[in-house]
Amino acid sequence: MIKKLKNKILAVCIIVILIIASVPIIQIKSNSKQNLPQYNIFASVTNEYLKGELNLNYINKNDFSVEDLYFNLYPNAFKSEENIKNVAVSDRINEAYPNGFNEGFININEVYVNNKKAEFFIEENEQILKIKTGEIKKNRTKEIKIIFDEKLPDSPMRFGYGEETYNFGNWYPILCPFENGQAIKTTYISNGDPFYSECADYNVVLNLNPEYRVASSGTILSKNTKNPTVTKWEIQGNNIRDFAFCISKKFNLKSSKIGNTIVYSYYLNDDDMGIMALEFAKKALSCFNKLYGEYPYETLSVVASDFYIGGMEYPNMVLIDKNLYKSVAQEALEEVVVHEVAHQWWYGVVGNNEYKEAWLDEGLTQYSVALYIEENYGKERYKNFLKESEIYCKIVFDIVKELSKDVNKKINRPSGDFEHWLLYDALTYDVSALMLDDLRNNIGNEAFFNGLKTYYENKKFKIATKDDFVIYMNNGAKKDIDTLIKPWLEGNIYWG
């Protein structure tokens with residue numbers, strides 16, 4: 001996710017003052033590998049309300065037997081006004097809830113394991129579902145059925161709605177991965193993204209009012225309009241890390257093909273800006289295909305939405321603040337679109353624990369914006385972009401000092417450990433990008449890009465860690481990079 005627009009220095013100064021067409025139907029080509037979890041989801045949506053059924057074919061790929069499965073229930077982070085601090089930073093509550101607090105939630109109504117009713121528990125501030133499955137031995141399978149209903153909050157967030165769009169991000173029960181024998185349960189936090197999931201295959205059926213158009217992860221296979229009161233959308237996503245969708249009565253649509261990928265631009269008003277967003281996405285896709293390795297999916301959608309935080313990434317789809325679709329915001333629109341498209345590589349294809357090591361996707365993604373600028377506008381613009389990032393970080397450090405908080409410059413720490421959201425923002429995005437620029441300068445272009453390509457190829461569709469990044473960068477670059485990035489990751493940087 002990107003939390004700031006191009007003119008972020010001005011935004012920080014303000015804080016200082018305050019403190020002191022029709023949808024094409026195409027056939028998807030499977031990217032799936034065998035033995036992935038299979039999510040089959042059926043949902044009926046009426047504006048902000050959804051009734052759903054999830055059928056999960058769970059295969060235990062761990063080296064141990066499993067007795068319980070855990071699922072993230074992210075919508076319940078929006079259930080209580082007391083939890084606002086966990087879904088929106090204090091400085092921006094009015095933007096998150098422009099009409100005052102309005103609840104969002106998910107109710108788990110029934111759970112079945114192998115077609116038999118199962119015992120389940122709602123834990124950890126109602127954001128974790130625990131299902132008693134009975135023993136599932138290694139490489140054995142069980143069928144999990146979860147019947148649920150939910151409501152979006154009146155809020156322009158990734159799970160919420162505004163004047164023109166309904167955003168269903170992180171909306172269904174999402175299986176928690178296992179690490180070292182333990183299920184990793186992540187709950188909402190206002191600093192960054194708390195999401196962590198493994199790739200799976202998705203088959204999704206959405207029943208909607210015919211007035212709505214859908215933008216989604218995966219590929220839309222069919223749109224059935226035989227029933228005049230309900231349109232049935234069938235969507236498939238193979239080997240993707242998550243599934244999100246956005247609906248609106250006002251979407252316009254443009255599309256174009258770049259390489260093997262059809263790029264869609266869903267926009268709300270201005271044709272010129274909708275086409276511009278499409279062109280930015282195509283240029284970004286072309287750039288990162290060249291620098292990192294091929295985007296492995298057939299579709300990518302850029303979606304204008306009621307979303308106040310700039311942009312948000314999901315597999316095959318990115319949400320973009322509709323307010324950026326104005327001629328005066330052209331530069332900001334480009335930066336945000338490029339940042340979110342880069343997340344298709346760093347978070348989407350190469351996954352990571354976004355709560356534990358946020359820099360691993362956000363830093364690489366923010367530096368990708370710099371590389372895009374260099375590729376399309378030259379070295380001088382690239383240097384200016386990084387210089388602006390450095391100035392911004394120094395301002396943030398000064399602000400944090402004024403707030404009588406420690407300026408801990410350590411990058412590699414959990415999102416919840418940052419003393420202020422501005423510090424999280426500066427370090428995980430901008431200082432991490434500066435670290436990668438420093439690494440590139442030290443080892444040279446060939447070694448740097450060989451390393452990134454090796455990392456991407458070896459961790460594709462998997463979960464990566466900082467140690468993986470070092471190992472594969474070392475292999476690709478044929479140089480030891482750990483000593484070069486360690487001072488940055490530990491906060492021993494030499495400026496600011």
Side-chain angles (χ1 to χ4, degrees), residues 177-180 182 184 186 192-193 195-199 241 288 290-294 296 313 339 342-371 386 389 393 408-418 424 426-496:
F178 283 90
E179 276 185 12
N180 301 318
Q182 299 293 320
I184 305 302
T186 55
D193 305 321
F195 311 123
Y196 181 32
S197 56
E198 296 176 314
C199 285
R241 199 164 300 283
F288 304 139
K290 171 187 170 184
L291 295 180
Y292 305 140
E294 287 291 317
E313 69 279 1
H339 179 100
H343 266 304
Q344 298 301 309
W345 280 259
W346 316 123
Y347 145 78
V349 179
V350 178
N352 63 293
N353 185 331
E354 294 181 277
Y355 175 80
K356 185 179 178 182
E357 295 181 308
W359 71 271
L360 200 52
D361 63 294
E362 294 296 358
L364 276 166
T365 298
Q366 188 67 357
Y367 188 59
S368 297
V369 179
L371 293 175
L386 293 176
S389 296
C393 293
N408 179 353
K409 298 177 185 176
K410 184 176 181 178
I411 296 171
N412 194 31
R413 50 180 163 148
S415 299
D417 288 358
F418 288 84
Y424 164 87
L427 290 168
T428 59
Y429 289 71
D430 295 274
V431 177
S432 297
L434 293 168
M435 173 187 71
L436 292 168
D437 175 64
D438 183 68
L439 174 62
R440 179 184 171 191
N441 290 334
N442 272 284
I443 67 175
N445 278 348
E446 183 177 357
F448 181 78
F449 289 110
N450 281 344
L452 285 180
K453 287 176 180 177
T454 302
Y455 172 59
Y456 176 71
E457 188 58 36
N458 282 277
K459 299 306 294 185
K460 188 182 292 184
F461 308 123
K462 300 174 184 176
I463 299 293
T465 65
K466 174 259 182 184
D467 291 340
D468 293 319
F469 178 77
V470 169
I471 287 169
Y472 290 112
M473 284 294 291
N474 284 348
N475 289 346
K478 295 182 171 53
K479 294 183 180 181
D480 180 12
I481 70 152
D482 194 34
T483 56
L484 296 172
I485 65 172
K486 187 174 182 179
W488 294 81
L489 295 178
E490 296 302 315
N492 301 318
I493 53 176
Y494 57 84
W495 56 269

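Basis for what follows: all heavy atoms, side chains included, without hydrogens, waters or symmetry-related copies.
- For the pair Ile463 and Arg241, the minimum side-chain heavy-atom distance is below 4.5 Å.
- Across Trp345, Tyr292, Phe448, Trp346, a single residue satisfies ring pair (Phe, Tyr, Trp, His ring centres under 6.0 Å) together with Tyr455, and that is Trp346.
- At least one side-chain heavy atom of Asp430 sits less than 4.5 Å from a side-chain heavy atom of Gln366.
- Side-chain contact between Trp359 and Asn412 is present, with heavy atoms from C-beta onward closer than 4.5 Å.
- Within the structure, the salt bridge (Lys or Arg N to Asp or Glu O under 4.0 Å) test picks out the following pairs touching residues 445-457 (sequence neighbours left out): Glu457-Lys460.
- Minimum interatomic distance between Ala447 and Ala477 (heavy atoms only, all atoms of both residues): O-CB, 3.3 Å.
- Side-chain contact between Tyr456 and Phe288: absent, with no pair of heavy atoms (C-beta onward) separated by less than 4.5 Å.
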For side-chain contact (heavy atoms from CB on, under 4.5 Å), just list the numbers for Leu364 and Leu436, CA-CA rounded to whole Å, side-chain angles, deciding distance to a tenth of an Å, and then say yes or no.
CA-CA 8 Å; Leu364 276 166; Leu436 292 168; 3.8 Å; yes
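- How far OG1 of Thr365 is from NE2 of His343: 4.0 Å, rounded to the nearest 0.5 Å.
- Residues passing the salt bridge (Lys or Arg N to Asp or Glu O under 4.0 Å) test with Lys478, sequence neighbours excluded: none.
- The two residues Thr454 and Gly476 make their nearest non-hydrogen contact at OG1-CA, 3.4 Å.
- Tyr367 and Ala433 get closest at one heavy-atom pair: CD1-O, 3.4 Å.
- Asp480 is linked by a salt bridge (Lys or Arg N to Asp or Glu O under 4.0 Å) to nothing, counting only residues two or more places apart in sequence or in another chain.
- Proximity of Tyr347 to Glu354: side-chain heavy atoms (C-beta onward) are separated by under 4.5 Å at one or more points.
- One finds the CG atom of Leu452 at 8.5 Å from the CG atom of Leu291 (value rounded to the nearest 0.5 Å).
- Partners of Lys410 by salt bridge (Lys or Arg N to Asp or Glu O under 4.0 Å), not counting sequence neighbours, listed by chain and number: Glu490.
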Is there a side-chain contact (heavy atoms from CB on, under 4.5 Å) between Met473 and Lys479? Walk through the geometry before answering.
CA-CA 8 Å; Met473 284 294 291; Lys479 294 183 180 181; over 6 Å; no
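- Between the side chain of Asp361 and the main chain of Asn352, no donor-acceptor pair closer than 3.5 Å is present.
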List the steps and the verdict of side-chain contact (heavy atoms from CB on, under 4.5 Å) for Lys356 and Tyr196.
CA-CA 9 Å; Lys356 185 179 178 182; Tyr196 181 32; over 6 Å; no
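- Side-chain atoms of Asp468 come within 3.5 Å of backbone N or O of Thr465 as a donor-acceptor pair.
- Counting all heavy atoms, side chain and backbone alike, Ser432 lies closest to Leu427 at OG-O, 2.9 Å.
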In sequence, state the C-alpha distance, the side-chain angles, and the governing distance for Phe461 and Val349, and then conclude on side-chain contact (heavy atoms from CB on, under 4.5 Å).
CA-CA 5 Å; Phe461 308 123; Val349 179; 4.3 Å; yes
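- If you check the side chains of His339 and Glu313, you find no donor sitting under 3.5 Å from an acceptor.
- Proximity of Asp467 to Glu357: side-chain heavy atoms (C-beta onward) are nowhere separated by under 4.5 Å.
- At distances below 3.5 Å, not a single donor-acceptor pair connects side-chain atoms of Thr428 with backbone N or O atoms of Ile411.
- Listed by chain and residue number, Asp482 satisfy the salt bridge (Lys or Arg N to Asp or Glu O under 4.0 Å) test with Lys466 (two or more places apart in sequence, or in another chain).
- Judged as a side chain to side chain contact (heavy atoms under 4.5 Å, CB included), and not counting sequence neighbours, the contacts of Asp438 are Asn442, Trp488, Tyr494.
- Rounded to the nearest 0.5 angstrom, Ile471 CD1 and Asn475 CG are separated by 7.5 Å.
- A 4.5 Å side-chain heavy-atom check between Arg413 and Asn408 finds at least one atom pair inside the cut-off.
- Surrounding NZ of Lys459 are more than 12 heavy atoms belonging to other residues, nucleotides or ligands, all under 6.0 Å away.
- Contact of the Val350 side chain with the Lys462 side chain is not registered, since no non-hydrogen atoms from C-beta on lie closer than 4.5 Å.
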